[in-house]
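Notes follow the structure.
Reminder, nothing fancy here: chain letters follow the sequence lines and each chain counts from 1. Just so you know, these numbers use all the heavy atoms, side chains as well, and skip hydrogens, waters and symmetry mates.
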Protein chains: 2
Amino acid sequence: MELDRVDRKLLNAVQHNNRLTTEELGEIAGLSPTACQRRLKRLRDAGVIEADVAIVSPGAVGRPMLMLASITLERDRADIIDRFKQAVRRTPEIMSAYYVTGESDFLLIISVRDMAEYEAFTRRFFHEHSDVKASKTMVVMDRIKASLALPIEE
Amino acid sequence: MELDRVDRKLLNAVQHNNRLTTEELGEIAGLSPTACQRRLKRLRDAGVIEADVAIVSPGAVGRPMLMLASITLERDRADIIDRFKQAVRRTPEIMSAYYVTGESDFLLIISVRDMAEYEAFTRRFFHEHSDVKASKTMVVMDRIKASLALPIEE
DNA sequence: CTTGAAATTATAATCCT
DNA sequence: AGGATTATAATTTCAAG
């Protein structure tokens with residue numbers, strides 16, 4: 001799908017706040033509210049906007065800690081990797097996960113209540129996945145940035 | 001703020017889709033649309049819901065590549081660390097950034113068009129920050145999960 | 001192919017229980 | 001507290017540039 005300058009303006013706006021009124025969006029884009037709405041609908045239908053979500057405060061729901069875990073599997077075998085990916089998808093504590101090049105194979109971003117819960121998590125998760133050769137945990141001391149907003153040039 | 005079972009149900013719903021109608025939310029929560037609306041407003045005002053955002057497809061806006069960079073600074077000095085954090089916040093290509101314990105000090109998640117852009121980015125960014133002692137790049141081959149949804153037990 | 005106006009539908013505010 | 005009613009705003013539909 002082709003995106004023009006107005007589309008990019010709208011995307012930049014809604015990826016920071018998707019509850020802007022159509023009137024506010026009209027101001028931003030220099031267009032009528034209706035036209036903005038039509039464009040956003042098109043962007044949603046075309047999958048340019050993949051989802052619209054609320055960001056919940058980790059602290060407010062009792063999960064103030066974030067851990068990063070880099071994982072190396074025993075062997076670079078497609079079936080082992082796929083099985084691990086499936087397990088990751090099914091595990092709610094894992095918020096984000098990337099399959100990467102380099103020393104380790106995966107990087108997981110894991111939400112936990114406290115250290116005890118993390119220990120229990122790793123024990124369970126790594127026990128269930130005997131293909132994990134090595135893992136390295138980093139405790140997140142500060143989330144400097146935790147958005148999924150892309151830099152869209154207008 | 002105290003959260004009851006209904007609040008947690010609503011949070012679980014909207015953190016995957018915040019465009020559900022109040023009627024749909026009513027179904028989910030077993031409550032009237034009005035009551036759901038009131039609760040969500042309270043959750044937003046109290047900061048339990050930090051933001052409402054649209055997730056944009058990286059490929060659709062010409063940024064299909066994702067890189068992870070782990071960064072080690074020269075010295076563990078507060079002012080150096082803070083300066084680096086500020087720079088991270090100002091850099092739009094950096095989508096997420098964590099200050100972590102362990103071998104390296106930071107993990108950056110960086111959105112780029114292609115390898116050439118990443119090379120240009122690192123050259124510029126690391127040149128401007130002479131405090132960077134070492135960096136290690138991982139190319140993301142697959143984003144298995146890329147949400148910010150927390151596991152909220154109901 | 002994009003805009004603006006009218007009709008439908010959803011949301012926000014007020015009041016009542 | 002939750003639920004129903006009215007007022008306001010957002011979507012969809014449709015006609016026109």
Side-chain angles (χ1 to χ4, degrees), chain A residues 1-63 147-150 152-154, chain B residues 1-63 147-150 152-154:
Chain A
M1 179 181 171
E2 271 303 306
L3 302 176
D4 66 10
R5 194 158 175 280
V6 174
D7 290 321
R8 289 193 289 270
K9 275 199 173 190
L10 290 173
L11 289 173
N12 263 329
V14 296
Q15 78 173 341
H16 290 107
N17 182 5
N18 74 354
R19 304 188 82 237
L20 293 168
T21 64
T22 51
E23 206 163 336
E24 290 169 318
L25 290 168
E27 287 278 323
I28 291 165
L31 223 64
S32 72
T34 323
C36 291
Q37 213 157 34
R38 262 189 70 94
R39 278 169 181 265
L40 283 174
K41 182 168 167 44
R42 244 179 95 238
L43 292 168
R44 290 196 167 100
D45 291 346
V48 176
I49 293 175
E50 292 181 343
D52 289 89
V53 302
I55 305 300
V56 175
S57 160
V61 294
R63 308 196 138 258
S147 83
L148 298 176
L150 297 163
I152 302 173
E153 288 160 41
E154 290 173 3
Chain B
M1 181 183 170
E2 272 304 307
L3 302 177
D4 66 9
R5 193 157 176 282
V6 174
D7 290 321
R8 290 192 287 271
K9 275 201 173 187
L10 291 173
L11 288 174
N12 263 330
V14 296
Q15 76 173 343
H16 290 108
N17 182 4
N18 76 352
R19 305 188 83 238
L20 294 168
T21 64
T22 50
E23 206 162 337
E24 290 169 317
L25 289 168
E27 288 278 323
I28 292 165
L31 223 64
S32 73
T34 322
C36 291
Q37 212 160 38
R38 240 197 313 259
R39 278 169 180 268
L40 283 174
K41 180 167 167 45
R42 240 178 99 240
L43 292 168
R44 291 197 167 99
D45 291 346
V48 175
I49 294 174
E50 293 181 341
D52 290 88
V53 303
I55 306 300
V56 175
S57 159
V61 294
R63 310 196 136 259
S147 84
L148 298 176
L150 297 163
I152 302 173
E153 287 158 42
E154 291 172 4

Can you see if the side chain of [X] gets near the phosphate of [N] - specifically, an N or O under 4.0 Å from OP1 or OP2?
X: A:S32; N: C:dG4; result: yes
X: B:R38; N: C:dA13; result: no
X: B:Q37; N: C:dT11; result: no

Would you mind reading off the distance between [X] atom [atom1] and [N] atom [atom2], rounded to a whole angstrom?
X: A:R39; N: C:dC1; atom1: CZ; atom2: P; value: 13 Å
X: B:L10; N: C:dT11; atom1: CG; atom2: P; value: 13 Å
X: A:L3; N: C:dT2; atom1: CG; atom2: C1'; value: 16 Å
X: A:R44; N: D:dA10; atom1: CZ; atom2: P; value: 13 Å
X: A:K41; N: C:dT9; atom1: NZ; atom2: P; value: 15 Å
X: B:L31; N: C:dT11; atom1: CG; atom2: P; value: 15 Å
X: A:R42; N: C:dC1; atom1: CZ; atom2: C1'; value: 9 Å

Kindly check if the number of other-residue, nucleotide or ligand heavy atoms within 6.0 Å of CD (B:E154) is above 12? yes
Which heavy atom in [X] sits nearest to a heavy atom in [Y], and how many Å separate them?
X: A:V56; Y: B:L150; answer: O-CD1, 3.5 Å
X: A:L43; Y: A:M1; answer: CD2-CE, 3.7 Å
X: A:Q15; Y: A:L148; answer: OE1-O, 4.4 Å
X: A:L3; Y: A:D7; answer: CA-OD2, 3.6 Å

Is it true that A:N18 and B:D52 share a donor-acceptor pair across their side chains at a distance under 3.5 Å? no
Which of residues 17-26 of chain A have a heavy atom under 4.0 Å from DNA chain D? A:T21, A:T22
